[in-house]
Amino acid sequence: ISFITGEHNRMFLPQGLAATHELLRGVNGPELYSHHVIDGYAHLDLWLGRDAERDVFPIALAELERAA
């Protein structure tokens, strides 16, 4: 599971996702999880934002390829 969030996300707070990420890593092992916080982004602009193609999509693609 890869958690990808924007630093300004107020729907799913980055701190909450970080805590979830650490909890899951502690229970199931660190190799199953990754966590990325994208500077300058909020919630849906991760996927719909003007520069999401440049800033976010490469991270998402790398995570998909890592899991393949």
Chemist: By the side-chain hydrogen bond (donor to acceptor under 3.5 Å, both in side chains) test, which pairs, at least two apart or in different chains, include something from residues 55-68?
Modeler: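 Qualifying pairs, neighbours excluded: Ser34-Glu63, His36-Glu63, Tyr41-Asp55, Glu63-Arg66.
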
Chemist: So how far is it from Thr5 OG1 to Leu13 CG, rounded to the nearest 0.5 Å?
Modeler: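 So the gap between those two atoms works out to 8.5 Å.
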
Chemist: Going by the rule side-chain contact (heavy atoms from CB on, under 4.5 Å), which residues pair with Leu24 if we only count those two or more places apart in sequence or in a different chain?
Modeler: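 Per chain and number, Leu24 pairs via side-chain contact (heavy atoms from CB on, under 4.5 Å) with Phe3, Thr20, Asn28, Tyr33.
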
Chemist: Look at the side-chain heavy atoms of Ile, Leu, Val, Met, Phe, Trp and Tyr, link any pair under 4.5 Å apart, and say whether Phe57 and Leu46 land in one connected group.
Modeler: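 Yes: a chain of side-chain contacts under 4.5 Å links Phe57 to Leu46.
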
Chemist: Are more than 12 heavy atoms from other residues, nucleotides or ligands located less than 6.0 Å from atom CD of Glu53?
Modeler: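 No, CD of Glu53 has 12 or fewer neighbouring heavy atoms, counting only those of other groups under 6.0 Å.
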
Chemist: Considering only heavy atoms from C-beta outward, does the side chain of Ile38 approach that of Ile59 to under 4.5 Å?
Modeler: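 They are in side-chain contact.
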
Chemist: List, by chain and number, the other hydrophobic cluster members for Leu64, where Ile, Leu, Val, Met, Phe, Trp and Tyr join if side-chain heavy atoms come within less than 4.5 Å, directly or indirectly.
Modeler: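 None; Leu64 is a cluster of one.
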
Chemist: Give a yes or no answer on whether the side chain of Glu7 reaches the backbone of Gly40 with a donor-acceptor pair at less than 3.5 Å.
Modeler: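 Yes; judged by distance alone, with no hydrogens or angles, the pair exists.
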
Chemist: I'd like to check the side-chain contact (heavy atoms from CB on, under 4.5 Å) partners of Ala42; sequence neighbours left out, ordered by chain and number.
Modeler: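 Partners of Ala42 by the side-chain contact (heavy atoms from CB on, under 4.5 Å) criterion, ordered by chain and then number, come out as His8, Asp45.
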
Chemist: Is there a path from Val27 to Leu32 through hydrophobic residues (I, L, V, M, F, W, Y) whose side chains come within less than 4.5 Å of each other?
Modeler: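 Cluster IDs for Val27 and Leu32 differ.
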
Chemist: Within a 6.0 Å radius of atom CZ on Arg50, are there more than 12 heavy atoms belonging to other residues, nucleotides or ligands?
Modeler: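 Atom CZ in Arg50 is not crowded, with 12 or fewer foreign heavy atoms closer than 6.0 Å.
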
Chemist: Could you work out, with side-chain contact (heavy atoms from CB on, under 4.5 Å) as the rule, every residue matching Ala60, not counting sequence neighbours?
Modeler: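 So Ala60 forms a side-chain contact (heavy atoms from CB on, under 4.5 Å) with Ile4, Trp47.
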
Chemist: If you link ILVMFWY side chains whenever their heavy atoms are less than 4.5 Å apart, which other residues fall into the same cluster as Val37? By chain and number, please.
Modeler: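 Besides Val37, the cluster holds no residue at all.
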
